[in-house]
There are 2 protein chains.
Amino acid sequence: MKKTVLVFSALIISLLLLFQLGQYSIISKDMNIEIVIAVVAVVFFIIGVYLNKKSLHKNRVESIEIDSKKIEELDISKREYEVLQLISKGFSNKEIGEKLFLSESTIKTHVSNLLVKLDAKRRTQAIQIAKELRIL
Amino acid sequence: MKKTVLVFSALIISLLLLFQLGQYSIISKDMNIEIVIAVVAVVFFIIGVYLNKKSLHKNRVESIEIDSKKIEELDISKREYEVLQLISKGFSNKEIGEKLFLSESTIKTHVSNLLVKLDAKRRTQAIQIAKELRIL
DNA sequence: AGTGCTTTGGTACTTTAGTATGACCACTTT
DNA sequence: AAAGTGGTCATACTAAAGTACCAAAGCACT
């Protein structure tokens, strides 16, 4: 929605500016030229926006598209994934236990399993690996 | 967004058709007008590309640029920043010490200072906060 | 030469993190 | 019904992580 507003306002402003310039040259009695210039300007503006969006679309999809399949491949359960998400947010085992209404022991078990499944030695390394795998 | 583009292109096409009759007299009058139109087209094309890239930048790829100003504001030294980077890569204090040819004690000192400066309780939280501040 | 600052390093201590093992329960599969 | 699976929790232990306090070397600055 923000893009739409930006594009619209940019179009309106450019149109206003162009037709305001046209008012000066009314004296020279050549209205058609200003209109043609305005149209050309708007057309190429839209072309610029459209082409740029298309070229960025490929990169966008790659950077956003995350998780799902690899989580299953790594045999990470829902509970373990919940714990992983909270780990990446910087919570301690105790805090995670309080958030999920579980004991710290349970969290430790989940973390231990996560470290094995992600092939990590520490929780910080697990975060890094999970982000590389686009799980987080 | 698709509707917006469609409506606008339809409007512009109709405008072009309406003022196509006037274009004959333009060409015969002055050749410089074509150059002006070309310049306007290029300029607005660039504006379109630029605005679109800026609007997409906020939503999608935000953590590319590191905010070196905030590092200074937080009074984080170069050494501390080096340690912070290695922490985010999942290394232990001992490993960081080996990489930087420092003792583990020194790393602990740096980490402790970093936690205070980043207002974090744990190294994992420090990573999260640093990424929010676009320091990492 | 003294001041201030970063960096470095140490000791001693407390707190988290992580491992290993075993156990219990709920639920599904065979 | 028996076996398997996932989640839960506990104990006991080792390993990191983090805190507090101190101290000294290496600088830049004036």
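The chains referred to below are lettered A, B, ... by the order of the sequence lines, with proteins before strands, and numbering in each begins at 1.
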Can you tell me if [X] touches the phosphate of [N], counting only side-chain N or O atoms and a distance under 4.0 Å to OP1 or OP2?
X       : N       : value
R122(B) : dT16(C) : no
T106(B) : dG9(C)  : yes
N93(B)  : dA16(D) : no
H110(A) : dT8(D)  : yes

(Q) Students often get this wrong, so: under 4.0 angstrom with heavy atoms, is S77(B) touching a base, only sugar-phosphate, or nothing? (A)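 The answer is sugar-phosphate, as S77(B) gets under 4.0 Å only of primed atoms, P, OP1 or OP2.
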Nearest to side-chain heavy atoms of [X], which nucleotide of [options]:
X       : options                   : result
S103(B) : dG18(C), dG10(C), dT8(D)  : dG10(C)
R79(A)  : dT7(C), dG7(D), dG18(D)   : dG7(D)
L102(B) : dA10(D), dG9(C), dT16(C)  : dG9(C)
L115(B) : dA16(D), dT8(C), dT19(D)  : dT19(D)
S105(A) : dA10(D), dA17(D), dG18(D) : dA10(D)
S112(A) : dA10(D), dG6(D), dG18(C)  : dG18(C)
K78(A)  : dT6(C), dA17(D), dG6(D)   : dG6(D)

**Q.** NZ/NE/NH1/NH2 to OD/OE distance under 4.0 Å, E82(A) and R79(A)
**A.**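 A salt bridge links E82(A) with R79(A).
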**Q.** Salt-bridge present (E132(B), K89(A); N to O < 4.0 Å)
**A.**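 Here E132(B) does not pair with K89(A) in a salt bridge, since their nearest N and O are not under 4.0 Å apart.
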Just how far, in rounded Å, is [atom2] of [N] from [atom1] of [X]?
X       : N       : atom1 : atom2 : answer
I107(B) : dG18(D) : CD1   : P     : 12 Å
Q125(A) : dG18(C) : CD    : P     : 11 Å
E82(B)  : dT8(C)  : CD    : P     : 8 Å
L74(B)  : dT6(C)  : CG    : P     : 14 Å
L100(A) : dG7(D)  : CG    : C1'   : 12 Å
R123(A) : dT16(C) : CZ    : C1'   : 8 Å
K108(B) : dT15(C) : NZ    : C1'   : 11 Å
N113(B) : dT8(C)  : CG    : P     : 12 Å

Q) Regarding T106(A) and T109(A), is there a side-chain donor-to-acceptor distance under 3.5 Å anywhere? A)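 Checked: T106(A)/T109(A) side chains show no N/O donor-acceptor pair below 3.5 Å.
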Q.
Rounded at 0.5 Å granularity, tell me how far CG in N93(A) sits from CD1 in I87(A).
A.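 One gets 6.5 Å once the value is rounded to the nearest 0.5 Å.
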Q | Flag, side chain of R122(A) to backbone of G90(B), donor-acceptor distance under 3.5 Å | A |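 It does hold such a pair.
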Q. For the side chain of K94(B) and the backbone of E104(B), is there at least one donor-acceptor N/O pair under 3.5 Å apart?
A.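 Such a contact is absent between K94(B) side chain and E104(B) backbone.
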Q: Map V116(A) and E104(B) onto DNA chain C by nearest heavy atom, then report which one ends up closer to the 5' terminus.
A: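 The residue mapped nearer the 5' terminus is E104(B).
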Q) If each of I87(A) and D75(B) is mapped to the nucleotide of DNA chain C with the nearest heavy atom, which maps nearer the 5' terminus, i.e. the 5' end? A)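 Closest to the 5' end, via its nearest nucleotide, is D75(B).
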